[in-house]
Amino acid sequence: MNLSKSLCLAGIALGLLASCGNHQANDSKVIAVPTPERPAGQESMVGFAAPAIDTVRVGFIGLGMRGPGAVNRFTHIPGTKIVALCDIDSSRVANVNAELVATGRPAAAEYYGSEDAWRQLVERPDLDLIYVATDWKHHAEMGVYAMEQGKHVAIEVPSAMTLDEIWDLINTSERTRKHCMQLENCVYDFFELTTLNMAQQGVFGDMVHVEGAYIHNLEPYWKHYWNNWRLDYNNENRGDVYATHGMGPACQLLDIHRGDRMVTLVAMDTDAFTGPVIAKEQGVANDTIPFQNGDHTMTMIRTQNGKTIHIQHDVMNTRPYSRMYQLTGTKGFANKYPVEEYCLKKEQVDTDVMPDHEKLDEHAALPDDVKDALMKKYKHPIHQELEEKAKQVGGHGGMDFIMDYRLVYCLRNGLPLDMDVYDLAEWCCLADLTRLSIENGSAPVEVPDFTRGDWNRIKGYRHAMAPEKK
């Protein structure tokens with residue numbers, strides 16, 4: 001068969017595939033994913049700030065692998081009250097409550113036993129914030145119910161696994177005027193936040209391309225997920241099901257929905273080589289349906305302003321941990337894995353950092369002493385305030401503490417959160433959209449405008465700061 005005939009048949013096939021369900025191919029053979037109109041009575045949450053809360057009263061749902069650490073971190077954050085704890089396993093609730101009391105705080109109300117015990121917690125009138133750290137399958141449902149009950153909600157990653165769940169969270173947040181934040185910790189890591197500050201101050205010139213990933217061999221951890229829920233999800237679903245750690249820092253660098261937006265993505269995966277072996281070992285293999293999630297998934301995204309994002313996912317194979325985190329600008333480059341490094345044009349390096357520019361090689365990474373001096377010069381104000389405390393409290397080296405602290409800080413000061421419901425949507429949508437691309441032969445897929453037209457209203461991503469008290 002000649003090439004032109006092959007392309008013609010491929011185009012016809014793509015058109016037929018893309019016309020299934022709610023997705024349609026447009027003239028350029030991109031699979032169209034509709035953006036529903038905003039229901040009457042709803043308003044955009046871009047830049048939204050809720051009334052300040054003096055003491056943030058919190059209820060925690062899910063005390064397995066992530067929840068206990070979150071409860072502990074909140075004991076170190078001023079202006080908080082830990083009111084209630086919930087898990088299906090009563091022993092987890094009791095253990096965390098005992099640790100809470102050991103810190104000198106009052107015991108929290110306990111909810112456990114049934115699959116719906118969390119609803120009783122959410123319905124309490126003495127809560128401002130619901131903190132969700134359960135399995136992925138329950139995240140969106142709990143978030144929606146929390147907002148409907150008049151609470152702000154913070155949800156572990158990924159906060160939603162399907163487009164339907166994403167739109168439910170967006171519509172509920174817009175309708176109830178309650179914050180819905182995804183608990184993405186990697187945007188607060190020290191290299192990432194310093195590099196973001198450098199980018200915002202023009203050190204790298206204009207952003208051109210960014211990369212991110214979640215490459216983490218989970219072999220030591222599979223057995224610790226309650227009822228094998230995470231491996232079971234990989235067993236049943238194709239696509240990048242855990243993209244947020246790479247997406248968060250990348251999108252902040254590109255000012256996504258603060259002056260730019262994602263327009264199109266293309267995804268591709270390998271076959272499932274290691275996944276089926278692990279599933280069989282853990283007892284979740286399905287003899288009738290093959291293991292769905294490819295070992296390695298790659299996604300390319302193009303933005304409205306002509307920039308690109310590259311995201312990868314691999315939790316199956318033996319590789320060094322990496323979130324990739326890389327940026328290319330018109331005047332510089334940054335890379336975190338496997339080695340933290342910067343490469344800059346000579347004029348982008350201040351003379352107080354490196355007086356002798358003649359010794360700077362624009363084709364190589366900056367010397368370590370120059371890199372360290374730059375990172376000190378551009379240390380983000382958030383790190384200037386919190387780095388020492390964060391490293392003491394811990395949580396992935398301290399970034400978890402900064403994440404929780406900033407959430408409380410913004411709520412107490414009546415500020416827009418660092419991450420809004422549209423960030424949640426944009427960083428989670430890869431799960432469904434990459435599946436759609438892969439199942440259609442790596443076809444281009446439209447990325448919905450989750451802000452419904454407000455993506456260019458704010459110019460540039462910035463962290464909100466309260467005025468200094470005189």
Side-chain angles (χ1 to χ4, degrees), residues 45 50 56-71 73-74 82-90 92-93 96 108-185 225-227 229-230 232-233 237 241-242 244 400 403-404 407-408 411 417 419-425 427-429 431-432:
M45 295 295 284
V56 180
R57 302 167 297 175
V58 193
F60 291 86
I61 305 174
L63 301 173
M65 296 177 70
R66 297 284 288 141
V71 175
R73 293 191 300 273
F74 266 71
I82 300 170
V83 174
L85 305 171
C86 179
D87 193 278
I88 195 168
D89 185 339
S90 62
R92 292 178 179 175
V93 178
V96 172
E110 298 185 354
Y111 296 85
Y112 53 81
S114 75
E115 290 279 356
D116 292 326
W118 62 271
R119 292 181 180 272
Q120 301 172 41
L121 179 150
V122 170
E123 290 164 2
R124 291 181 63 107
D126 57 347
L127 290 172
D128 305 298
L129 172 68
I130 304 299
Y131 197 108
V132 180
T134 64
D135 61 272
W136 304 340
K137 295 179 181 180
H138 293 88
H139 282 175
E141 177 188 10
M142 292 177 174
V144 167
Y145 194 68
M147 289 184 283
E148 288 176 340
Q149 295 299 311
K151 313 318 194 276
H152 301 298
V153 62
I155 314 173
E156 262 294 351
V157 296
S159 302
M161 304 307 297
T162 68
L163 290 176
D164 286 343
E165 290 182 344
I166 287 171
W167 286 116
D168 282 346
L169 289 170
I170 289 173
N171 287 331
T172 307
S173 180
E174 290 182 350
R175 184 178 70 252
T176 62
R177 314 308 290 162
K178 293 298 178 182
H179 287 298
C180 180
M181 190 190 94
Q182 181 164 242
L183 292 162
E184 179 45 67
N185 55 359
Y225 293 99
W226 182 74
N227 282 351
W229 66 261
R230 184 165 183 171
D232 185 61
Y233 200 93
N237 293 275
V241 299
Y242 198 74
T244 72
D400 293 358
M403 172 185 71
D404 293 336
L407 168 59
V408 172
L411 289 175
L417 302 189
M419 297 171 279
D420 62 23
V421 71
Y422 308 115
D423 291 308
L424 179 159
W427 306 351
C428 289
C429 73
D432 223 358

Tell me every residue that passes side-chain contact (heavy atoms from CB on, under 4.5 Å) with Arg57, counting only those two or more places apart in sequence or in another chain.
Lys81, Val83, Asp126, Asp128
Tell me every residue that passes ring pair (Phe, Tyr, Trp, His ring centres under 6.0 Å) with [X], counting only those two or more places apart in sequence or in another chain.
| X | result |
| --- | --- |
| His179 | Phe48, His152 |
| Phe74 | Phe60, Tyr131 |
| Trp226 | none |
| Tyr112 | none |

Sequence neighbours excluded, which residues qualify as salt bridge (charged side-chain N to carboxylate O under 4.0 Å, His left out) partners of [X]?
| X | answer |
| --- | --- |
| Arg177 | none |
| Glu156 | Arg66 |
| Glu174 | Arg38, Arg452 |

Those residues that, when tested against [X], pass side chain to side chain donor-acceptor pair (under 3.5 Å) (two or more places apart):
| X | value |
| --- | --- |
| Tyr233 | none |
| Glu123 | Tyr145 |
| Gln149 | none |
| Asp164 | none |

